[in-house]
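Worksheet: the structure to be examined is printed underneath.
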Protein chains: 2
Amino acid sequence: MEAVFKALADKSRRELLDQLHKSNGQTLGELCDYLDMTRQAVTKHLALLESANLVVTVKRGREKLHYLNPLPINEIYMRWIGKFEQQRVQALHNLKQAIEEKNE
Amino acid sequence: MEAVFKALADKSRRELLDQLHKSNGQTLGELCDYLDMTRQAVTKHLALLESANLVVTVKRGREKLHYLNPLPINEIYMRWIGKFEQQRVQALHNLKQAIEEKNE
DNA sequence: GCAACATGCAACCAAACGGTTGCATGTCAA
DNA sequence: TTGACATGCAACCGTTTGGTTGCATGTTGC
């Protein structure tokens, strides 16, 4: 959970997830094309995403294929964001009531 | 957007949001009770949350009241997480296939 | 008015972060 | 087999981050 939030905090890593979203199962080399940094830097980002369980990798010969795992993001939504989301409706309701009361 | 992700990356800040979720409109002093750090550190965290527009503050006399703003989190869900969520089923299918291919 | 209280501001510090360079390892293809 | 290719590993480095301490400012209530 903590790892997922940390992983999502970086723009480059979100970009990588975006690319995998567009085309799943890309190699390290392919993913490097999208980011303006060295391969080693991209490796580090991918390692972090993998340790957060946001991407899963499979080795194929000398290549390493990267697959997106959307479950942790779903988890975050269910356990964390949904809670606040739920309150949003309540907050809007409260606001509506406050305005109505004011108009009386 | 970037600011929101960065703000959510820290456990203490998520804890603060949680506390505001439980009881909205708390003062700095009250929020300090929940975290094991100095008031100044909490101030910094709240400033970051405020600059990410996740909390809104109102001054009342010598106190500062903190209110949760759930809209940015909703934004993240709508623009970012929802996209991955949608793909979830498809991605699981792809992953399953990739693993099967590997086992051959 | 003044003492206690709630918060603000700034300098400082260690650790984590995001990136680099250099080199090693493993795999494919001719 | 050997050279090119895809990736792995480790040391290093500037900047950001999360926290501290010390002091300043504004507000309340007696």
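Every chain is numbered from 1, with letters handed out A, B, ... down the list of sequences. Hydrogens, waters and symmetry mates are skipped; everything else that's a heavy atom, side chains included, is used.
The CG atom of B:Leu49 sits 11 Å away from the P atom of D:dG18 (whole-angstrom rounding). Taking atom CG of residue B:Asp33 and atom C1' of nucleotide C:dC5, one finds them 14 Å apart after rounding to whole Å. In this structure, B:Lys44 places its NZ atom 12 Å from P of C:dA11, rounding to the nearest Å. What separates CZ of B:Phe5 from C1' of C:dG18 is a distance of 18 Å, to the nearest Å. When the C1' atom of C:dC17 is taken as reference, atom CG of B:Asp10 falls 14 Å away, rounded to whole Å. Atom C1' of nucleotide D:dC5 and atom CG of A:Leu28 are separated by 12 Å, given to the nearest angstrom. Across the protein-nucleic acid pair, B:Asp36 atom CG and D:dG18 atom P stand 17 Å apart, rounded to whole Å. Rounded to an integer number of Å, the gap from CD of B:Glu50 to C1' of C:dT7 is 13 Å.
For A:Asn69 (side chain) and A:Leu54 (main-chain N/O), no donor-acceptor pair under 3.5 Å exists by modelled atom type. Under the 3.5 Å distance criterion, the side-chain polar atoms of A:Gln26 are left unmatched by any main-chain donor or acceptor of A:Leu65. A donor-acceptor contact shorter than 3.5 Å links the side chain of B:Lys6 to the backbone of A:Ala9.
The side chain of B:Met37 approaches D:dG19 more closely than any other nucleotide in the set C:dT20, D:dG8, D:dG19. Distance from the side chain of B:Leu48 is smallest for D:dG18 among the nucleotides D:dG18, D:dG8, D:dT17. Nearest nucleotide to the B:Lys64 side chain, out of D:dG18, D:dG19, C:dT7: C:dT7.
An OP1 or OP2 oxygen of D:dT20 is reached within less than 4.0 angstrom by a side-chain nitrogen or oxygen of B:Thr38. Put simply, A:His45 has a side-chain N or O that comes within less than 4.0 Å of OP1 or OP2 on C:dG19.
Checking B:Val55, B:Leu35, B:Leu48, B:Asp10 one by one against B:Leu16, the side chain to side chain contact (heavy atoms under 4.5 Å, CB included) holds for a single residue, B:Leu35. Partner of A:Leu31 under the side chain to side chain contact (heavy atoms under 4.5 Å, CB included) criterion, out of A:His66, A:Glu15, A:His45: A:His66 alone.
The environment of A:Asp36 atom CG is sparse: at most 12 non-hydrogen atoms of other residues, nucleotides or ligands sit within 6.0 angstrom.
In terms of position on DNA chain C, the residue among A:Ala41 and B:Lys59 whose nearest nucleotide sits closer to the 5' end is B:Lys59.
Between B:Leu49 and B:Ala7, the closest heavy-atom pair is CD2-CB, 4.1 Å.
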Seminar exercise, completed: Protein heavy-atom contacts under 4.0 Å, written 5' to 3' over nucleotides 23-30 of chain D as B (base), S (sugar-phosphate only) or - (none), form the string ---BBS--
